[in-house]
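Scroll down for the structure; my scribbles are underneath it.
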Amino acid sequence: MNVITIEDYKSTYWPKLDSAIDQLLTQSLGDYIPISYEQIYSCVYKCVCQQHSEQMYSDLIKKITNHLERVSKELQASPPDLYIERFNIALGQYMGALQSIVPLFIYMNKFYIETKLNRDLRNDLIKLFTEHVAEKHIYSLMPLLLEAQSTPFWINPSTMANIVKGLYMLRPEWVQMAPALFSKFIPNILPPAVESELEEYAAQDQKLQQELIQEGFSRGDQSRKRAGEELTYNGSASCASSRGCR
């Protein structure tokens, strides 16, 4: 293998990695990215073998940090009615990108991050999202999630589930901010129900049923039109019988 100098790394190898990372971070879920994974994988391997792991790791962290800071600023500029959905897109897009980025840097992870830093690349990159996006938005996001929880059909139930599960994955202690909300999507968050609480749960279910009826649903006909119009919301049939979609 030819010697790769630091100048070679900066002028030839890192620009290839930088471009590929850019595409992976900004692609929409399901998009096809026209990059050569074999070429990028080989590029990382050569740089690791030539002792450029430390520089490459530093460049990767800086690259992704800058990207996440831009994402955070874009979220801050989002109007309240789009805030939840845009956070969900940002979270999903980033986690999707990690599914490609982490394997591409597997050699750096194995021979530098795990060996010398005693850490893991995926955990480090998830921590970056937590610090530069989630932590900055959690106190704006949580009130909107609680409001959406009490307003049937405000947001798609899958969006609510994705965000709540994502927040729990990023920082489990955030459960304490809204235990009831997290318990609807994360098993065993709350202690087991006791008999004295059964009446309260029954009252909550009855309240949900009343809300659904007011929205235009009857117990026996979930295809009923709402205010004379077709309800086009995906998943409405399953939500009508689920406490987790409130």
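Here, residue 1 is the first one in the sequence, and each next residue gets the next number.
When the shell of 6.0 Å around CD1 of Ile6 is examined, it contains more than 12 heavy atoms from other residues, nucleotides or ligands. The 12-atom threshold is exceeded at CD of Glu173, counting heavy atoms of other residues, nucleotides or ligands nearer than 6.0 Å.
At a threshold of 4.5 Å between non-hydrogen side-chain atoms, the residues Trp154 and Leu144 count as touching. Annotation: side chain of Glu147 is not in contact with side chain of Pro143 (no heavy-atom distance under 4.5 Å). Leu141 has its side chain within reach of Leu167: a pair of non-hydrogen atoms, C-beta onward, lies under 4.5 Å apart. Within the 4.5 Å cutoff, no side-chain heavy atoms of Lys116 are placed close to those of Glu54. In this structure, Leu60 and Leu121 have side chains that are in contact, with non-hydrogen atoms separated by less than 4.5 Å. No side-chain heavy atom of Met177 sits less than 4.5 Å from a side-chain heavy atom of Leu146. Here the side chains of Tyr168 and Ile189 are in contact, with some heavy-atom distance below 4.5 Å. Side-chain contact between Ile113 and Asp120 is absent, with no heavy-atom pair separated by less than 4.5 Å.
Looking at His137 and Tyr83, their side chains do bring a donor and an acceptor atom within 3.5 Å of each other. In the model, Asp8 has a side-chain atom that pairs as donor or acceptor with a side-chain atom of Thr5 under 3.5 Å.
Rounded to the nearest 0.5 angstrom, Ile89 CD1 and Asn162 CG are separated by 11.0 Å. Summarising the geometry, atom CG belonging to Leu98 is positioned 11.5 Å from atom CZ belonging to Phe105; distances are rounded to the nearest 0.5 Å. A distance of 7.5 Å separates OG in Ser58 from NZ in Lys62, rounded to the nearest 0.5 Å. Between the CD atom of Glu131 and the CD1 atom of Ile126 there is a distance of 12.5 Å, given to the nearest 0.5 Å. Taking CD1 of Ile101 as the start and CG of Leu17 as the end, the distance is 11.0 Å to the nearest 0.5 Å. Here Ser72 contributes atom OG and Lys136 contributes atom NZ; the two are 5.0 Å apart, rounded to the nearest 0.5 Å.
Between Tyr13 and Cys43, the shortest heavy-atom contact is CD2-SG, 3.2 Å. Annotation for Leu91 and Ile163: closest pair CD2-CA, 4.4 Å, computed over non-hydrogen atoms. The minimum heavy-atom distance between Gln93 and Gln27, with the atom names listed, is NE2-O, 2.8 Å. Of all the heavy atoms in Met160 and Gln149, the pair that sits closest is CE-N, 3.8 Å. Heavy-atom minimum distance, Leu75 versus Phe87: CD2-N, 3.6 Å. Closest approach of Leu24 to Ser100, counting heavy atoms only: CD2-CB, 3.8 Å.
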>> The test is side chain to side chain contact (heavy atoms under 4.5 Å, CB included); show your working for Asp22 and Lys63 and say whether it passes.
In response: CA-CA 9 Å; Asp22 247 341; Lys63 171 74 177 179; 2.9 Å; yes

>> If you apply the rule side chain to side chain contact (heavy atoms under 4.5 Å, CB included), what do you find for Asn109 with Arg122, and how did you get there?
In response: CA-CA 9 Å; Asn109 187 46; Arg122 185 174 187 276; over 6 Å; no

> Run the side chain to side chain contact (heavy atoms under 4.5 Å, CB included) check on Thr115 and Lys110 step by step: do they pass?
Replying inline: CA-CA 7 Å; Thr115 304; Lys110 182 176 182 181; 5.7 Å; no

> Does the pair Asn66 and Glu69 meet the rule for a side chain to side chain contact (heavy atoms under 4.5 Å, CB included), with working shown?
Replying inline: CA-CA 5 Å; Asn66 290 338; Glu69 288 177 346; 4.0 Å; yes

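Between the side chain of Ser183 and the backbone N or O of Ala180, at least one donor-acceptor pair lies under 3.5 Å. Between the side chain of His67 and the main chain of Ile21, no donor-acceptor pair closer than 3.5 Å is present. In this structure, Tyr94 contributes its side chain and Leu68 its backbone to no donor-acceptor pair below 3.5 Å. Side chain of Asn88 to backbone of Ile84: no donor-acceptor contact under 3.5 angstrom is found.
Salt-bridge annotation for Glu74 and Arg86: absent, with no side-chain N of the basic residue lying under 4.0 Å from a carboxylate O of the acidic one.
For Phe111, the side chain to side chain contact (heavy atoms under 4.5 Å, CB included) criterion is met by Val48, Tyr107, not counting sequence neighbours.
Hydrophobic clustering (ILVMFWY, side-chain heavy atoms < 4.5 Å, transitive): Ile155 and Leu82 are in distinct clusters.
The residue from Tyr9, Tyr57, Trp14, Tyr112 that alone fulfils the side chain to side chain contact (heavy atoms under 4.5 Å, CB included) condition with His52 is Tyr9.
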